[in-house]
Protein chains: 2
Amino acid sequence: MPKERTALVLGAGMVGSAMAMDLARQGFAVTVADASSEALERVRSRYGVAVAQGDLSHAAALGRLVAPFDVVVGALASHLGLATLRTVIEAGKPYCDISFMAEDALSLDELARQRGVTAIVDAGVAPGMSNLLAGHAVQRLDACERLVIYVGGLPAVRTWPYWYKAPFSPADVLEEYTRPARIVEHGKIVVRPALSELEQIEFPGVGTLEAFNTDGLRSLAYTLRVPFMVEKTMRWPGHVELMRALRETGLFSKDELVVKGQRIRPLDVTAALLFPRWTFDEREPDLTVLRVTAEGRRAGRDVRLEWNLLDRYDAATDLRSMSRTTAFPATILAARLATGALRRPGVNPPEKLADEPGLVDHVLSELEARGVAFQFRES
Amino acid sequence: MPKERTALVLGAGMVGSAMAMDLARQGFAVTVADASSEALERVRSRYGVAVAQGDLSHAAALGRLVAPFDVVVGALASHLGLATLRTVIEAGKPYCDISFMAEDALSLDELARQRGVTAIVDAGVAPGMSNLLAGHAVQRLDACERLVIYVGGLPAVRTWPYWYKAPFSPADVLEEYTRPARIVEHGKIVVRPALSELEQIEFPGVGTLEAFNTDGLRSLAYTLRVPFMVEKTMRWPGHVELMRALRETGLFSKDELVVKGQRIRPLDVTAALLFPRWTFDEREPDLTVLRVTAEGRRAGRDVRLEWNLLDRYDAATDLRSMSRTTAFPATILAARLATGALRRPGVNPPEKLADEPGLVDHVLSELEARGVAFQFRES
């Protein structure tokens, strides 16, 4: 790849840093933008990339910032996701984003088509690789009857009482524990309580985990015609029981409570207490587990496809597994966008790219080259 | 007993009501005093007793109130306990109290002796019967080596996630879960964390319970010379694990936390959420379990004494077991005070009365007549 290709990474957090490192290794001239000069200094000194400090929630300034780059990669907080997507599309730049926005990114699909811009959203691990493999599974079967995605980001060392630390925004974690989960049954979206349908999972190399419904299907519920689909989140055993008890107690409630004359949301108190306890220590190892299973028929026979990923903290780069597995799918896709090898005007969740010739194999092999190795088996 | 004997009950709550009922049944002319006219109306209409509404924290008024009565029985909140004790002593009235004050009641012992007043404190079930039986055990042995008191007040029906409701002040319950437990080992007071040294207990008629250290020895740590003494609280299994997790999270902390610009004590938020969930429903049955064990030597042989109490909600009187078992020891002792059959000027925790001829047998048989039956065994 010619040295002169340029990439802009939005966000200098854990994932943005991993993206900057990987894009630089791929030969891009990388600039990282963030509001925090402290975060920028860290990524600059670590990876020798250029940095740009500024308020990325300011649309006009962001539009000017992205203009010179061949490709833009997004790793901003979820609440900035949609506005950033719109600005990058309007600036006419190919874009690959992992911001996990709450809003429907496909609402900007028409705009992206009009501008001839290829944008990829939810391009991390799950959502991300889970979507790409789900779309791929549907391609590989004559009829896909059931898709199940299991995903978890965990501390390698388990500690009472949570058996958990949050490898990404703990506020988003608590949101997962309260927002009802939309799953697909008999081709229809049905709603289940958060933390429901707890089951035990045996994960090779990890042991027994617990998995429960989460509201993580996102675009898959609309883009794939599979009669049964569910996403479940995995945790070390014991975590869910405590989270359920905290929720039952009202500690996750956003309804104001009057306590000694002050109006307070219990969730704010709980978050203030929990989040410091859910923070990884320096160089503390985490692990990421992902399983995508697809059941269906091919050539008149029942077929089951299964991909398993077990990835761990990398001491050499001091990158947490969650950062690695989230950043690398996006940077691998971004490189294809930058060269024009991948071009699909519109807003694309990864499952829509699964029919792109050779793309899934390319992404899987590039991930494996970075130590993020999926195991596949068919039965 | 002549009809004209008069008793004043301080407090018209659950325990005060049970005291009023029992004293009326014993033939006393009973008056119940409380700040709440609503609570008084309930006890008046239910038991036909006289009532007196007033601020019982006002010493002069309280002194005037108690003046006409033969005996006073106290069932006020713990924070009123010491001041009330002082006022009743100064008024020269025999007094029997269950208020579970945090302060040292024995600090008023000298005053009570000077006034010739017999006051009995901690005269409920535990503290109360536990003290009386502990003192009795020491009397019955040549040398008592070890005293263990197990006590619990529980809902009869167990419900996730607490497996618990509070049959008395839930604030006092949370205090038990946070205040370090003072126990006696090798004749010295040592401090253990609250909720520590969890063990399983098999209780006949109840099943398996969990027991943990609580700071409940109170006067026993000073009045009895027994080298090993501990009080443990019993709960249905599962409760303690959740309480420990809440404590670890900081939810029992009294240290102010700044949350969205407001200073708040996490314990206040936790209490506001927990206490409604720990409230018994109307006519919901509870049960009280108490075990007192004493190990020592008598006539050169190892002896183990054990008393077990299992008491349940009484549907006929709609009195919870915790109210019954707390009120009746006090009313039985109060009747002895009123007649002068029991006279020990000073402030007496029950263990100091264990050498009173016939008293322990009298209390146990009177309790049994009220359905509160201790089982004794020696081995």
Side-chain angles (χ1 to χ4, degrees), chain A residues 155 157-166 170-171 173-174 177-178 193-198 210 212 235-279, chain B residues 155 157-166 170-171 173-174 177-178 193-198 210 212 235-279:
Chain A
V157 172
R158 286 169 276 181
T159 312
W160 176 87
Y162 315 112
W163 320 107
Y164 184 66
K165 292 189 173 184
V173 173
L174 290 189
Y177 295 172
T178 48
L195 299 173
S196 62
E197 298 183 312
L198 191 69
E210 288 181 343
F212 52 92
R235 294 286 182 259
W236 293 119
H239 177 72
V240 172
E241 171 61 19
L242 179 56
M243 294 302 106
R244 283 174 165 175
L246 296 182
R247 186 182 60 177
E248 173 71 13
T249 301
L251 287 160
F252 293 165
S253 171
K254 293 174 183 170
D255 296 337
E256 281 189 344
L257 192 71
V258 178
V259 177
K260 302 217 165 165
Q262 296 189 101
R263 302 180 70 83
I264 193 125
R265 300 192 327 162
L267 179 64
D268 295 332
V269 177
T270 306
L273 292 170
L274 272 186
F275 293 178
R277 291 169 168 83
W278 281 7
T279 301
Chain B
V157 172
R158 285 169 276 182
T159 312
W160 176 88
Y162 315 112
W163 320 107
Y164 183 66
K165 291 188 173 183
V173 173
L174 289 189
Y177 295 173
T178 47
L195 300 173
S196 63
E197 297 183 310
L198 191 68
E210 288 180 344
F212 52 92
R235 295 286 183 259
W236 293 118
H239 177 73
V240 173
E241 170 62 19
L242 179 55
M243 294 303 105
R244 283 174 165 175
L246 295 183
R247 186 183 60 178
E248 173 72 14
T249 301
L251 287 160
F252 293 164
S253 172
K254 294 174 182 169
D255 296 338
E256 281 191 342
L257 192 72
V258 178
V259 178
K260 302 217 164 167
Q262 295 187 104
R263 301 180 71 81
I264 194 129
R265 300 193 324 163
L267 179 64
D268 295 332
V269 176
T270 306
L273 291 170
L274 272 186
F275 293 178
R277 291 170 169 82
W278 281 7
T279 302

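Order of the sequence lines sets the chain letters (A, B, ...), proteins ahead of strands, with each chain counted from 1.
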Chain A contact via B/I264 - side chain, backbone, both or neither, heavy atoms under 4.5 Å: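 It is both, since atoms from each part get that close.
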Options A/T249, A/T270, A/L274, ranked by heavy-atom pairs under 4.5 Å with chain B, top entry: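 Top option by heavy-atom pairs under 4.5 Å: A/T249.
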Residue selection (most heavy-atom pairs with chain B, distance under 4.5 Å) from A/A272, A/P276, A/S253, A/P161: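 The residue among A/A272, A/P276, A/S253, A/P161 with the greatest pair count is A/P161.
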Side-chain heavy-atom pair B/E241, A/E241 within 4.5 angstrom cut-off: no
Region of A/R263 that comes under 4.5 Å of a non-hydrogen atom in chain B: backbone
Side chain, backbone, both or neither of A/L242 within contact of chain B (heavy atoms, under 4.5 Å):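 For A/L242, the contact with chain B is made by the side chain alone.
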Approximate separation, where rounding is to 0.5 Å, of B/L246 CG and A/L273 CG: 10.5 Å
Donor-acceptor pair, side chain of B/R277 and main chain of A/E248, under 3.5 angstrom: yes
